[in-house]
2 protein chains.
Amino acid sequence: MPTQASASVLDLNQLRRTCKACALYELCLPAGIDGAGLDQLDAVVRDRHSLNRGDILYRDGQPFTALYVVRAGALKTYVQDAAGDVQILGFHLPGEIVGFDALATDFHISHAEALERSSICELPFAKLQQVTHDVPALQRQLLRVISREVVGEHEHLATMGKQQAQERLAGFLHSMADRYARLNRDSTSLTLPMSRAYIANYLGLVVETVSRGFTRLEDMGVLAVNRKQVRILRPDVLASLCSPNGADAPRPRVQSGSGR
Amino acid sequence: MPTQASASVLDLNQLRRTCKACALYELCLPAGIDGAGLDQLDAVVRDRHSLNRGDILYRDGQPFTALYVVRAGALKTYVQDAAGDVQILGFHLPGEIVGFDALATDFHISHAEALERSSICELPFAKLQQVTHDVPALQRQLLRVISREVVGEHEHLATMGKQQAQERLAGFLHSMADRYARLNRDSTSLTLPMSRAYIANYLGLVVETVSRGFTRLEDMGVLAVNRKQVRILRPDVLASLCSPNGADAPRPRVQSGSGR
DNA sequence: CGATTACTTGAGAGACTTCAATTAGTGTGG
DNA sequence: CCACACTAATTGAAGTCTCTCAAGTAATCG
């Protein structure tokens, strides 16, 4: 991993990765930034990395140098405690930014790993900070993006709070479909980049339970599952399965979720 | 709730809440900001609110106007889905900042409620943004603080990922003790501001399970529990209970936590 | 093409939830 | 100031869902 590439060389590469031309323009950091500011932001973005399945983008303990935009492919981020227990924090699709965990202490405290061949835009933070000074809109946008991260984790927590495994799985698939839709992909035909084991860990379950969950959703006619290919036949039913009672009676449930 | 108080009146009040004099100086936003910048930040902070138990600081759907620092007392934040299911996202002690959820969309998507009589510093975001322009260190600090929020949620997720109820409860108490320590309070003698039901919801369990958990930890001689008063008699044992095997063999556990 | 890994499926055990009842604490009004 | 009502917390017993253990099948990779 080279330390700092001067922005003058490799114009071709630079052109190719120009934020203006990027399909993720509306999803990523530049959203809402206008012409002049965008050029400045462009200058910040470093040659993109290419990661293979299993490659580590950053790991726990590593000093903070940059934020990373997923350009193509998919990442997982996770923490590992002293006992070796892993908890997957999130799966990250194109347009999403990772690395915010390190802003607090200047060291990463989680790991980021590619789930498949992925392409990453690196945003060296020092440079980024200089530009945010000139472009207030970028500063605001940076906060907006990190806030999205917070919101995403809220959703994850809400899903993990469901007592029934089926609800958690339904919630996971539902949110994945949503994210596919934002990428202008078909939100009823998912190609999951992660294994069943990763889904299980993400949801706080074991593999077998997830596997059985898929089977049952298929039996119910909600999904058509073929390994990592998942077609959502009944999005309405899937949505209703995200809540215990099927989301019929919207009565308040203040206690604790209300039942496994 | 008044809309905007001019900074010229009520000098006494203003003085009293000056960041410089605040006991939370090192924990809160001003940490790392020097003299001149600090004065500017001081000017941003609005009259502090006083909340009673059950009072709502902000609710889902409300437009974003400010961030809020807990000065005294305690808050809980939570989301509520269409079916009425509540998931508590966090408990917030003095020095912690809430409201970041609204940075993404300019509307709050969670609720914040006082668990007990609390005092809040309001940071109107428009003003705050002006100052961050003049004080780059503040901008960096703001990112640092919101990153802490992200990290805190990672811990919450890791706790919810534990399959055993006992591990979750131990993890919760362990992290509460940590946070008490940061407040320079006795970290072995906690006064929990939240009910058992809230703890249960936070951990994805039911009240009864939490209650039994407390009882068992008391029987084991790890805790001395008297309602909301919790003394941690064996912090070492408590720490070891945060992991399934008691954190003896630090072998990697990649699968999914490794067993309920 | 063989070995490894990923996924699925089955049966049994265990842990948490559910339901129900009791106790303790809190707040209110007479 | 105390009685009453209400909420919070605890405890017990039974049911159920998920985990564990085990085996088998399918896909992937060298």
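Only heavy atoms go into these numbers, but all of them, side chains included; no hydrogens, no water, no symmetry mates. Order of the sequence lines fixes the chain letters, A, B, ..., with proteins taken first and strands second; residue numbering starts at 1 for each chain. In this text, all values refer to a predicted model and were calculated from it rather than measured experimentally.
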**Prompt:** Tell me: CE of B/Met160 to P of D/dT18, nearest whole Å?
**Reply:** 15 Å

**Prompt:** Between atom CD in B/Gln229 and atom C1' in C/dG25, what is the gap in whole Å?
**Reply:** 14 Å

**Asked** What integer distance in Å separates A/Gln164:CD from C/dT17:C1'?
**Response** 10 Å

Can you give me the N/O atom pairs linking the protein to nucleotides 7-11 of chain D at distances under 3.5 Å, or say none if there are none?
from, atom 1, to, atom 2, distance (Å)
D/dA9, OP2, B/Arg196, N, 3.0
D/dT10, OP1, B/Arg196, NH2, 3.1
D/dT10, OP2, B/Arg196, NE, 2.9
D/dT10, OP2, B/Ser211, OG, 2.8
D/dT10, O5', B/Ser211, OG, 3.0
D/dT11, OP2, B/Thr215, OG1, 2.6

**Request:** Would you check if the distance from the ring center of B/His156 to the ring center of B/Phe172 is below 6.0 Å?
**Result:** no

**Prompt:** More 5' along DNA chain D: A/Arg216 or A/Asn226, using each one's nearest nucleotide?
**Reply:** A/Arg216

Do any side-chain atoms of residues 217-232 of chain B form donor-acceptor pairs under 3.5 angstrom with protein atoms, and if so which ones, sequence neighbours left out?
from, atom 1, to, atom 2, distance (Å)
B/Glu218, OE2, B/Val225, N, 3.0
B/Gln229, OE1, B/Thr191, OG1, 3.3
B/Gln229, NE2, B/Thr191, OG1, 3.2

**Message:** Testing the basics here: between A/Met160 and B/Leu157, what is the closest heavy-atom pair and its distance to 0.1 Å?
**Reply:** CE-O, 3.7 Å

**Asked** For the rings on A/Tyr202 and A/Phe91, is their centre-to-centre separation under 6.0 Å?
**Response** yes

**Request:** Calculate the interatomic distance between A/Leu205 atom CG and C/dT8 atom P; express it in whole Å.
**Result:** 14 Å

**Request:** For B/Glu167 and D/dC19, give me the distance from atom CD to atom P, rounded to whole Å.
**Result:** 13 Å

**Fill in**
Whole-Å distance, A/Gln163 CD to D/dT18 P, equals 10 Å

**Prompt:** Within the side chain of B/Asn52, is there an N or O that forms a donor-acceptor pair under 3.5 Å with the backbone of B/Arg117?
**Reply:** no

**Inter- and intrachain pairs under salt bridge (Lys or Arg N to Asp or Glu O under 4.0 Å), touching residues 183-196 of chain B, at least two apart** = none

